[in-house]
Amino acid sequence: MGKVHNIAVIPGDGTGPEVVAEGIKVLNAVSKKLGFTLKYNEYDLGGERYMRTGETLPDSILTELKQYDAIYLGAIGHPDVKPGILEKEILLRTRFELDQYINLRPVKLYEGVETPLKNKGPEEIDFVVVRENTEGLYAGAGGVLKKGTKDEVAIQESINTRKGVERCIRFAFEYTQKRNKDRKLTLCGKTNVLTYAFNLWERTFYEVAKEYPDIKTEYVHVDATCMWMVKNPEWFDVIVTDNMFGDIITDLGAMIQGGMGIACGGNINPTGVSMFEPIGGSAPKYTGKNVINPLAAILAGAMMLEFINEKKGADIIEKAVQKAVKEKIKSLDAGKMGMGTKEVGDLIVKYVNK
Ligand code: IPM
Ligand code: MN
């Protein structure tokens, strides 16, 4: 008998439930094949619940979420809810309260997938961003004075703690070592302007680097990082950066790997409960039409398996996705795949079972 893993599922808003359904279909095929069990418990969280009850993330659910082996998330964000409420009170609160201090986002171009970058292919586009996930500008520090007057003052501070920075950097070094590709870690920051925050990052980076003499290190400013991601993405192996810069560069990353249809991420607490998600959002205009691409959610499922020690299952899913995009799926964009959301899920299941 294989192991039993308890998974909290948050389908969420918009196309979230559709892509999560395909992800679960694939996960079930893999667990059946390898003989382990995934037990799911679904949570109704998101815009609909908020509009119905006024609740975003009740404390009792947050407490329950801490008991699982992992959380599988679809998307949070509703067109009828003012931006910021659901994001802050569900997504960010879960990241913070479960101390998921790493946001791990692979940027990998699969064979057969179109990238907007001229003359670049799977050989050149294959790196991972380690984004700090609990501090920086996201910490919510700051305030407003004289709101609505012409003297209004808005302050939004970036919080960087030695502990938070160091644990993120340490994770990145460990990850670079384990990944074992170019064994190179790039710190992405802005030491020339953000002289307090990124001085802490830079000092910590080079201090921790001494413990990893086998890992090459380099520092690149965030603006130059954007430039190189487009011009020479092959220079990157693993990038470590703060929360805000990580948010921005991973959207750029998603585009060069073929779009939001395939970009996944993990909110990782290496000693606690981690949460895995497609990074594309709720895509309201595609909801319920069977046109959204479920591959990002399916790959998020693979990432989840890796982190609950079912690496073999993760590899099976990744290979199936690779085969599907190379041989069958026309485009990764919603509505242009040459098949529907459910059919993509079925195809991956078919390849998993082969
Ligand atoms: C992401 C998203 C979130 C973020 C939003 C929805 C709060 O853009 O996961 O990258 O900024 O972290
Ligand atoms: Mn983002």
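Any value given below was found using the heavy atoms of this structure, including those in side chains, with hydrogens, waters and symmetry copies removed. Just so it is clear, the structure is predicted and the values come from calculations on it, not from any experiment. In each ligand, atom 1 is the first atom listed, and ligand 1 is the first ligand listed.
Every N/O-N/O distance between Asn103 and ligand 1 stays at or above 3.5 Å. Between Arg105 and ligand 1, at least one N/O pair is under 3.5 Å apart.
Contact between Glu306 and Ala314 at its shortest, heavy atoms only, is N-CB, 3.9 Å. Heavy-atom minimum distance, Val20 versus Pro11: CG2-CA, 4.2 Å. Residues Met260 and Ala254 share a closest heavy-atom pair of SD-CB, 3.9 Å.
Not a single heavy atom of Met244 lies less than 4.0 angstrom from ligand 1. Residue contacts with ligand 1: Lys88 is excluded, as none of its non-hydrogen atoms falls under 4.0 Å.
Checked against Leu295 for a side-chain contact (heavy atoms from CB on, under 4.5 Å), the options Val26, Leu332, Thr341 give a single hit: Leu332.
Atom numbering of ligand 1 starts at 1 in the shown order; those under 4.0 Å from a heavy atom of Tyr138 are 4 (C), 11 (O), 12 (O). Atoms of ligand 1 found under 4.0 Å from any heavy atom of Glu87, numbered from 1 in the order shown, are 6 (C), 7 (C).
Counting only distance, with no hydrogens or angles, the side chain of Ser282 and the backbone of Gly77 share a donor-acceptor pair below 3.5 Å.
The residues Lys3 and Asp69 are annotated as not salt-bridged, no charged nitrogen and carboxylate oxygen being separated by less than 4.0 angstrom.
Atom OH in Tyr196 sits 11.0 Å away from atom CG in Leu194 (nearest 0.5 Å).
Metal site remark for the Mn ion (ligand 2): Asp247 contributes an N, O or S atom at a distance under 2.8 Å.
Here Arg131 has side-chain heavy atoms under 4.0 Å from ligand 1, and that is the only part of it that gets that close.
Considering only non-hydrogen protein atoms, atom 3 (C) of ligand 1 sits nearest to Leu91 CD2, 4.0 Å.
Among Leu92, Ile279, Asp247, the residue whose heavy atom lies nearest to atom 2 (C) of ligand 1 is Asp247.
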